[in-house]
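For clarity, every value in this text was computed on a predicted model and none was experimentally measured. We're numbering straight along the sequence, starting at 1.
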Amino acid sequence: MKRKLLNILTVSAIITTIGFLMDGDVKEPSMTMRFTEFFAMMTMLFLAISAIYLPAHSLTKKLQRVRQ
């Protein structure tokens with residue numbers, strides 16, 4: 001489980017970094033605000049991916065056990 005969460009966190013960080021690099025908006029002059037936006041977006045992505053992946057993975061495991 002710890003490995004799955006680390007992988008989801010890594011994917012979230014990669015997607016967030018790509019999004020910030022591709023963003024065409026004017027950047028905030030404050031570094032604190034930039035880091036806050038980055039980590040907030042990464043947290044939201046992490047929670048969204050976890051909320052979809054973990055229940056789906058659990059469901060497929062249960063279905064495989066029932067099938068055998």
**Fill in**
Heavy-atom nearest pair, T16 first then M42, reads OG1-CA, 3.5 Å

**Message:** Test of understanding: with side-chain contact (heavy atoms from CB on, under 4.5 Å), list the residues that count as partners of L47, not counting sequence neighbours.
**Reply:** T43

**Prompt:** Which residue pairs pass the ring pair (Phe, Tyr, Trp, His ring centres under 6.0 Å) test when at least one of the two sits in residues 45-68, sequence neighbours left out?
**Reply:** Y53-H57

**Asked** Which pairs count as salt bridge (charged side-chain N to carboxylate O under 4.0 Å, His left out) when at least one residue sits in residues 49-68, sequence neighbours excluded?
**Response** none

**Asked** Given a cutoff of under 4.5 Å between side-chain heavy atoms of I, L, V, M, F, W and Y, with clusters grown through shared members, what are the other residues clustered with V66?
**Response** none

**Request:** Run through the side-chain heavy atoms of Ile, Leu, Val, Met, Phe, Trp and Tyr, join any pair under 4.5 Å, and report what else lands in L63's cluster.
**Result:** L59

**Asked** Of all heavy-atom pairs between P55 and S50, which one has the smallest distance, and what is that distance?
**Response** CD-O, 3.5 Å

**Request:** Examine distances only and state if a side-chain atom of S58 and a backbone atom of L54 form a donor-acceptor pair shorter than 3.5 Å.
**Result:** no

**Item:** Residue list, side-chain contact (heavy atoms from CB on, under 4.5 Å) with K2, at least two apart or on another chain
**Value:** none

**Fill in**
Heavy-atom closest pair (S12 atom, I49 atom, distance to 0.1 Å) is OG-CD1, 3.9 Å

Hey, can you pull the donor-acceptor pairs under 3.5 Å for the side chains in residues 33-40, sequence neighbours left out?
residue : atom : partner : partner atom : Å
R34     : NE   : E28     : O            : 2.9
R34     : NH2  : E28     : O            : 3.2
T36     : OG1  : T32     : O            : 2.7

**Request:** Please determine which of T17, V11, T10 meets the side chain to side chain contact (heavy atoms under 4.5 Å, CB included) test together with I14.
**Result:** T10

**Request:** Carefully, step by step, assess L9 and L5 under the rule side-chain contact (heavy atoms from CB on, under 4.5 Å).
**Result:** CA-CA 6 Å; L9 183 65; L5 291 176; over 6 Å; no

